[in-house]
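Below, all heavy atoms of this structure are taken into account, side chains as well, without hydrogens, waters or symmetry copies. Just so we're on the same page: letters track the sequence lines, and every chain starts at 1.
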2 protein chains.
Amino acid sequence: MSKSEKREEIVRAALEIIAEHGFHGAPIAMIASRAGVGAGTIYRYFANKDILIAALYQEIEERLYPFILRGYEPARPIRERFLHLGAALLRYCIENPLDFRYVEQFHNSPYGAALRRARLLGEGGERETFRALFEDGISQQVVKELPVTVLCALAFGPIFAVVRDHILDFTRVDDALMAKTVAACWDGIRR
Amino acid sequence: MSKSEKREEIVRAALEIIAEHGFHGAPIAMIASRAGVGAGTIYRYFANKDILIAALYQEIEERLYPFILRGYEPARPIRERFLHLGAALLRYCIENPLDFRYVEQFHNSPYGAALRRARLLGEGGERETFRALFEDGISQQVVKELPVTVLCALAFGPIFAVVRDHILDFTRVDDALMAKTVAACWDGIRR
DNA sequence: GTGTCCGGAATGAATATTCATTCCCTTAGC
DNA sequence: GCTAAGGGAATGAATATTCATTCCGGACAC
């Protein structure tokens with residue numbers, strides 16, 4: 001196994017185990033054994049567990065953004081743009097349940113709270129795209145005049161909730177249901 | 001301090017600390033000291049930490065349901081009923097952020113996953129009220145024809161997301177914004 | 001005086017992290 | 001081409017810490 005393969009194995013094992021069992025249920029020893037390396041080896045690639053956790057989060061972000069923005073055309077009408085982003089986000093989460101679970105775990109941990117707070121002040125990667133979309137929508141009077149944070153809640157809250165149900169096997173989400181869900185989110189934010 | 005006061009103090013301390021720091025950041029010793037009792041005393045009231053955690057969850061449920069159902073009239077029109085329940089839920093969470101944070105932590109832990117699964121099969125306390133409302137709405141053709149789980153996602157997803165933002169101080173939620181938020185949720189589920 | 005309840009130190013299990021040792025690949029010498 | 005030395009990477013047993021749970025001496029009620 002080459003050096004970079006090894007790093008990749010470690011990250012993959014950590015993703016799987018943490019997504020499935022949470023941060024508590026993911027001791028280094030378990031991650032190491034799943035990755036097929038020694039426990040000490042992990043510390044050759046990551047200074048400590050926290051840094052591994054943060055690095056993994058960042059890797060997921062870097063997979064998610066390009067996926068969502070593929071084919072996105074900022075010149076199209078608001079509604080169309082929203083449907084594109086919403087559907088892409090929903091699809092990514094459904095197709096990458098481990099990533100989704102991991103990000104959820106992360107946000108619900110001390111790591112996440114700090115990060116979200118930092119994001120709010122500085123610019124967040126994808127956040128800017130959505131913020132621009134909503135502000136465009138408000139000024140064109142096609143979106144409700146609400147704080148952007150509330151519009152985000154109306155748009156993403158249901159999407160993530162649906163993904164959770166899908167992962168827990170409460171709802172079977174197919175293409176048709178994805179489209180209907182995103183359309184309903186649009187109904188929530190449009191004037 | 002009387003016996004029942006002591007129990008109450010323990011529960012209150014556990015709620016505060018777990019809501020704020022999560023299950024990991026809430027060792028028994030810390031809960032005990034916040035409650036003003038010895039660590040061993042907690043085990044006189046709760047057989048172990050898991051049982052304390054579960055009991056606390058149940059207490060919160062038992063506060064929440066009556067609050068939401070106060071003044072609820074199942075004979076009124078669908079829309080009105082939804083606005084009542086949604087507003088009550090949102091208000092409860094805003095006014096009792098510790099309860100909200102605790103329940104979120106709980107749902108995102110191994111305890112919660114098992115519980116949600118059990119709920120899905122058997123009857124869940126308040127769940128029945130909402131299920132009945134949505135099914136009524138569908139049969140009266142005022143609510144979108146979607147799985148009840150998806151309707152729940154559309155209705156509650158945004159509410160909880162707004163509460164999260166409020167607690168993190170990202171959004172200041174007053175009465176007016178609460179009403180607008182719930183109304184927007186209605187737009188999401190209505191035909 | 002006896003029994004009940006408390007407190008908080010003691011215990012032992014679980015876990016992150018360290019580090020002395022081993023392993024293996026590259027390269028230099030012949 | 002073959003062997004040996006050197007060095008960086010990997011290892012996993014040992015360590016230190018954290019934490020739930022237990023236990024026992026003492027305080028208090030009656």
Residues in side-chain contact (heavy atoms from CB on, under 4.5 Å) with B:Leu15, at least two apart?
B:Leu56, B:Ile60, B:Arg63, B:Leu98, B:Asp99, B:Tyr102

Test ring-ring contact (aromatic ring centres under 6.0 Å, His included), reference A:His107, set A:Phe160, A:Phe23, A:Tyr57, output is A:Tyr57

Distances for protein N/O vs nucleotides 18-22 of chain D N/O pairs under 3.5 angstrom?
| unit_1 | atom_1 | unit_2 | atom_2 | d |
| --- | --- | --- | --- | --- |
| D:dA20 | OP1 | B:Lys49 | NZ | 2.4 |
| D:dA20 | OP2 | B:Ile28 | N | 2.6 |
| D:dT21 | OP2 | B:Tyr43 | OH | 2.8 |
| D:dT21 | OP2 | B:Lys49 | N | 2.9 |

Between A:Glu9 and A:Arg12, is there a side-chain N and carboxylate O pair less than 4.0 Å apart?
yes

Contacts satisfying ring-ring contact (aromatic ring centres under 6.0 Å, His included) that involve residues 171-191 of chain B (not counting sequence neighbours) are B:Phe82-B:Trp186

Taken to the nearest whole Å, CE/A:Met30 to P/D:dG12 is 17 Å

Expressed as a whole number of angstroms, how long is the span from B:Phe46:CZ to C:dC6:P?
13 Å

Under the ring-ring contact (aromatic ring centres under 6.0 Å, His included) definition, can you give me all pairs with a residue in residues 132-157 of chain B, not counting sequence neighbours?
B:Phe130-B:Phe156

Separation of B:Arg44 atom CZ from D:dC23 atom P, in whole Å?
13 Å

Any A:Tyr45 side-chain N or O less than 4.0 Å from OP1/OP2 of D:dA10:
yes

Near DNA chain D, which residues from residues 11-19 of chain B have a heavy atom under 4.0 Å away?
none

N-O pairing of B:Glu104 and B:Arg101 below 4.0 Å
yes

Do any pairs count as a salt bridge (charged side-chain N to carboxylate O under 4.0 Å, His left out) and have a residue in residues 18-27 of chain A, sequence neighbours left out, and if so which ones?
none

Distance from A:Ile18 atom CD1 to A:Phe106 atom CZ, nearest 0.5 Å?
10.0 Å

Just the rounded figure in Å: distance from P of C:dC25 to NZ of A:Lys6.
10 Å

